[in-house]
Structure formats: C-alpha cells, structure tokens
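For the numbers below, each heavy atom of this structure counts, side chains included, while hydrogens, waters and symmetry mates do not. Each chain gets a letter, A, B and so on, in the order its sequence line appears, and its residues count up from 1.
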Amino acid sequence: MFDRIADVLEFKGELQFRVLAYRKASRVLQDLRDDIETIWKEGKLEDIPGIGEGMAKKIDEYLSTGKMTKYEEVTKGIPSSLIDLLNIQSLGPKTLALAYEKLRVKNLEDLKRVIADGSLAKLPRMGDKKVQSISKGIELFVASHERMSLGIALPLAERVIEELKKAVKVGRISTAGSLRRLKETIGDIDILCEGTDTTKIIEKFTQLPVVERVLASGGTKASVIADGGIQVDLRVVEPASYGAALQYFTGNKDHNVKLRGIAKDKGLKINEYGVFKGEKRLGGKDEEDIYKIVGVPIMEPELREDRGEIEAALAGTLPKLVTRSDIEGDFHVHSIYSDGSDSLETLAEKAVSLGYSFIAICDHSKSANYAGGLSETTLLKQIAEIKKVNARFKGEGFRLLAGSEVDIKADGTLDFSDDILKKLDVVIASIHSGFKQRVTERMTTAMKNPYVHIIGHPTGRLISRREGYEVDLGKVMEAAGDTRTALEINGFFDRLDLTDIASRKAKELGITMAIGTDSHNTAHLEFMKFGLAVARRGWLEKKDLLNTRKPEAILKWLKAKKAAS
DNA sequence: GCCGTTTTCGGCCCGACTGTTTTCAGTCG
C-alpha cells in the first residue's frame, strides 16, 4: 500500500522526498525479520528505521481496522490501470500526468491510441523520438516485466562477459547491481568494465551476438536487450575509477545513500568516479578505497542491502560469511531410484570432483507417485547399494549418506514408519501436498519425530510461480529450536527456500541450517552456489550450517536428536 | 515523511543519457 501511495503521489507531482519516504517505508517492512503484528503489539513500530510517527499511525490504523484512510484518499479517483503504466520504461510520472490531463489517458489501450493517432507527440516537450521510445517501453512491458531468477541471470551474464572479452580488449570486468549481490531475482543485468578506449568497447558491446536490440548507447554506457528479453547495462570506466564505479553500481540504492550520507558528514563526496574532498580525488581505483576513506569497514556485496550492515561494520560486528570452501557436502540429492537421472556412483564421482566429503541421497518416499517415490523394499535395496559405493570411495575421504525426503502427508503422518526411518543416516521431511491443510501443525508434529533431522523447503514457495504453503514460519522456527531440528535452505534456483531474510531470523534463534540443492542430476549439484548465496545474504557463518562439518561430525549431530528425546 | 543530539526546522546522494530545447526537463539507475 505504501508503494502504491508513493506511485500515486509521484504521479500527482508530490515532493520527491515524501515519495521516497513511502518507498523506504515499504522496503523496510518487506525486509522485516519479525512479524509486523508482533512489533505493532509491542508498540515498537517507530523503532523501525524509516517508520516515523506518520507511518506508524497508518500501520496502526490498518492493523486495527483493516483500512488505511491515507491510501483511500490518495488513490481516490485514480484508476490503478493508469498507475500501472508507470512500469513502462521511458514513461515517467510527468509524462503520464500530462497524457492523463490533456488526453484523458487512463489505461494501456488509451496510451496506445494516443500514440497511434499522433496526439501524444504533439504535447509540449514531446516529440516523435520520445514517443518512439515509449512505444519500445510498451513492447517490453507487455512481453515481460517480471524479474528473472538468479539461476537464469547469472549464466547469461557470464556469457555476455565472455563474448565481450572475445570481442574487445578490456581490463577488470565484473557483474554489478543485484546480480553481484546475488539477490534471488534480478531485474536487469549490470556489467561494469575497465577500459581506456570506452567508445570502442561500447560499440563492440552493442554488436555482440547475444544482443537483440540496443536501447541506448553513449560515451560511457549502453543498454541493450539480450536473448530472452532481458536488459543488460554496460558501464565503462577508466582504471582510476573502477573501484568507485563497482561500489556505486553494486548498491543497493539505500546502502549507497547511507554511505554517501556518512561521507558527506565528513566533508567528502562519493560518486562513481571516486571519493573527493573538494576537487581532489582521494581514491577510487579499488572498491576497498571507498570504504576505507569513509571509515566504514568493507563488507561482502551480498550484505549491502541496508539491512544493518553499515551499522554492524562501524560496530565491528560484521559476520564472517560462510564460503564455498567451507562446504563439505550437500544434503538433498535425488538419484535414478526416484525422479533423478544419475546413478549413485555417478553422483558420488561428481561430488568428489567438487571437493565434497559427503552427499546425502534423499530420494522421494512411497506416496510421491508423481516423482517415483521409493517403496520400503527399494529403499532398503538403496541403502545396501550405498554401502557398496562407500566401500569404493573410502580411500578418497568421501561417503554417501543414506537418506530420504519423506513426505509429510496431508493427514500429518510421515510416509515411512520409524522402523524404516531409523535405518537411515539423515531424514528430510517435506510437504508436497495439502498446501493449505494445517501445514504448521503438520510440520511441527514431524519435527517431534526423533528420526526427522531436517525440514525440506519450509515455505514451499516457487519463485514467481507459487506463493508457498499457508505456514506460520515463526511457529515452525520455534519448534525447530525446541526439537533441535535443522531447517533447509533449498538451493534449487526456483525455490531458494528458506529465503535470505528467514535464514537470518533462524540464525538469530540459534537454529542450525542445512543447504540442499534438491539435485536431480550431477549438473544440479552446482546449484550449491545459489544456496550459498541465500546463506550469505542471510548473514550465515560457518558454524550456522551443517554442511560445513565432516560426515562423522554430522552423523554425531544427527544422532544426538534421538538420544535427547 | 523522516530524522537529529551542535539542529524540532531544514536538510534529504549523485550523475548519465535522451530529446526537445537553445539552457533544461524528464527518466533512469
């Protein structure tokens, strides 16, 4: 609602700072790790940075009565079909207001009409070229205005960088923006590169094979649409400014605003070319320069979301984030026994090549007909084969863990009996059906079972496809703490579940987490990088993840639950 | 609309590109 208010106020020409205040309020509420109702009941709304007296009153009114007077006042008489048009590139609030006032444009159809009949181009400060770029914006708007998942964007960005390196000589080159922060979804791909012959680099970039269409192209930057309809922005800077530009374009916006504010208080100015005192550039070649000069310890890109990382840096309490080299293995791997496509041996070989000391084979359980779930008999057969494979890999310091991804059925019971479960090294319990049926209760019951070690994909969301279960994550986390059950960070890029914010909350509650890639073939094992991205964005350290321990220590940890119950 | 402790009023990050202008407004990130 706050976001919508911001949109409408902007459309109405309201003071920009007020608009920004609403946008910021919207963002901090979305970033909350605790339930807003809990904070509200404790009377601590105004403790949230960005929420002042005015916003708190509006939240209070909404939570008390279910309506918000300000929202109704602001949006009164403004059709939502009109405000939706602000998502069209090159069409901003000023132009839209003009079209609304002069030409009574109220929706996409109207807009298309005034473009076709030439009346939009005749308005003041409008012309054919402007209308043309709005037309292009409409095409993009209609085709896809959804963010793409990290799992799609990252390989595409890597491809663009490879092509660019082949086409022209460049210096340092990196992804920037939300992609460098490894956010779960990406709006557009930002690439930054270092070079002296900027004109040539820009020119070659716009001619790459992957480029479908050029949106804009200037002396230092260009925007194109690449295969698949995603926008790619390239920015070229000279070596002395590369670090400053990398810092600047990595963001996020609120992080940068805060850092610049700190710089400003010290009489310094940060822009994408460096840190300046008056006219004098104090640094900018490397990203570290910027933070160092401003007096804020540098932090990893994944943390730069203005979620308290600058404050933590200043207080010396930044987390030492878990890294890829800390990871000993993967907890969630499917094999050819259920709906995976590779054998136990092939999976083991790949895992060894990744430097792992274990992977847990967790195929589906018997009720999962859709995924070739294993019967008790087949599961026992699989356990026997795992033992054989382990004998082969013994000398390499690697072992398969025998596991199962056991369904929590719609009636709340588990798909295998305890007699079966206790034969396994590791048990993941997951919900695959009955998404709206007492999900929280079913999960907490499953956690009370001493043989259940991990809850798989705890919210069930599929990025941009499915909302997830009706689950009270707060209660699930409480139960995870009480029963000493781990929660999964599912690294399959469509899931990324738990999310970064939920993972951080779980960490704060002292809950251990386990990354599982939900692999269905050897290539999927690489999705560990996405699970790791979530963990790092959730401020997780080595100790917070079960994956960072050796198999013997893991088995000890897993068995301890049974011993304690 | 938020925020601060040198301020409860007056700030609020900064610059590139485009197009319509002939000095700048609008949009974007």
Side-chain angles (χ1 to χ4, degrees), chain A residues 2 5-6 9-11 13-28 45-59 70 74 85-99 120-134 136-137 140 176-181 186-192 198 202 214-223 231-237 241 244-245 247-266 268-276 284 290 294 306:
Chain A
F2 285 161
I5 291 174
L9 289 180
E10 192 165 40
F11 168 78
E14 175 63 87
L15 194 68
Q16 195 59 23
F17 297 113
R18 186 167 289 149
V19 173
L20 284 174
Y22 278 101
R23 288 209 202 289
K24 172 151 192 184
S26 163
R27 187 186 62 80
V28 298
L45 285 176
E46 287 187 53
D47 290 355
I48 304 170
I51 304 296
E53 194 186 345
M55 298 289 183
K57 269 190 185 151
K58 293 175 182 80
I59 296 168
K70 176 76 177 181
V74 167
L85 300 181
L86 286 173
N87 291 316
I88 295 171
Q89 275 201 30
S90 309
L91 180 64
K94 295 287 198 298
T95 311
L96 187 62
L98 197 65
L120 186 63
K122 291 201 181 72
L123 293 178
R125 293 201 67 85
M126 294 295 291
D128 287 341
K129 283 201 164 179
K130 263 197 145 169
V131 171
Q132 219 171 33
S133 59
I134 293 172
K136 280 186 191 168
L140 289 175
S178 55
L179 189 55
R180 182 161 181 248
R181 301 197 310 278
I186 309 297
D188 49 33
I189 292 174
D190 291 311
I191 296 172
L192 177 75
T198 58
I202 296 285
V214 180
L215 293 176
S217 172
T220 64
K221 70 182 196 182
S223 295
Q231 182 171 333
V232 183
D233 295 340
L234 176 75
R235 182 76 181 241
V236 188
V237 294
S241 293
Q247 193 286 322
Y248 177 75
F249 288 109
T250 297
N252 74 359
K253 187 176 165 172
D254 293 296
H255 173 92
N256 284 354
V257 167
K258 191 164 275 179
L259 194 70
R260 279 158 188 254
I262 292 172
K264 196 169 182 175
D265 289 344
K266 297 188 173 178
L268 303 168
K269 184 179 76 170
I270 303 178
N271 59 26
E272 57 260 61
Y273 301 108
V275 187
F276 294 85
I290 311 303
V294 176
D306 188 27

- Hey, is the side chain of A/S133 poking within less than 4.0 Å of OP1 or OP2 on B/dG19, counting only N and O atoms? no
- Given side-chain contact (heavy atoms from CB on, under 4.5 Å), test A/R180 with A/D190 step by step and report yes or no. CA-CA 8 Å; A/R180 182 161 181 248; A/D190 291 311; over 6 Å; no
- Can you tell me the Watson-Crick or wobble partner of B/dT8, both distances under 3.5 angstrom? none
- Within the structure shown, what part of the strands sits under 4.0 Å from A/L259 by heavy-atom distance: base, sugar-phosphate, or nothing? nothing
- Any side-chain N or O of A/Y273 under 4.0 Å from OP1/OP2 of B/dA16? yes
- Between B/dC17 and A/S217, is there an OP1 or OP2 to side-chain N/O distance shorter than 4.0 Å? no
- Item | A/K266 side-chain N/O to A/V294 backbone N/O, donor-acceptor pair under 3.5 Å | yes
- Query: Any side-chain N or O of A/K130 under 4.0 Å from OP1/OP2 of B/dA25?
  - Reply: no
- Query: Counting only N and O atoms by type, is there a donor-acceptor contact under 3.5 Å from the side chain of A/S223 to the main-chain atoms of A/A216?
  - Reply: no
- Item | Residue among A/K253, A/R27, A/R260, A/R181 satisfying salt bridge (Lys or Arg N to Asp or Glu O under 4.0 Å) with A/D306 | A/R27
- Task: Respond yes when some side-chain nitrogen or oxygen of A/N256 is under 4.0 Å from OP1 or OP2 of B/dC13, and no when none is.
- Result: no
- Item | Phosphate-side-chain proximity, A/R260 and B/dC13, N/O vs OP1/OP2 below 4.0 Å | no
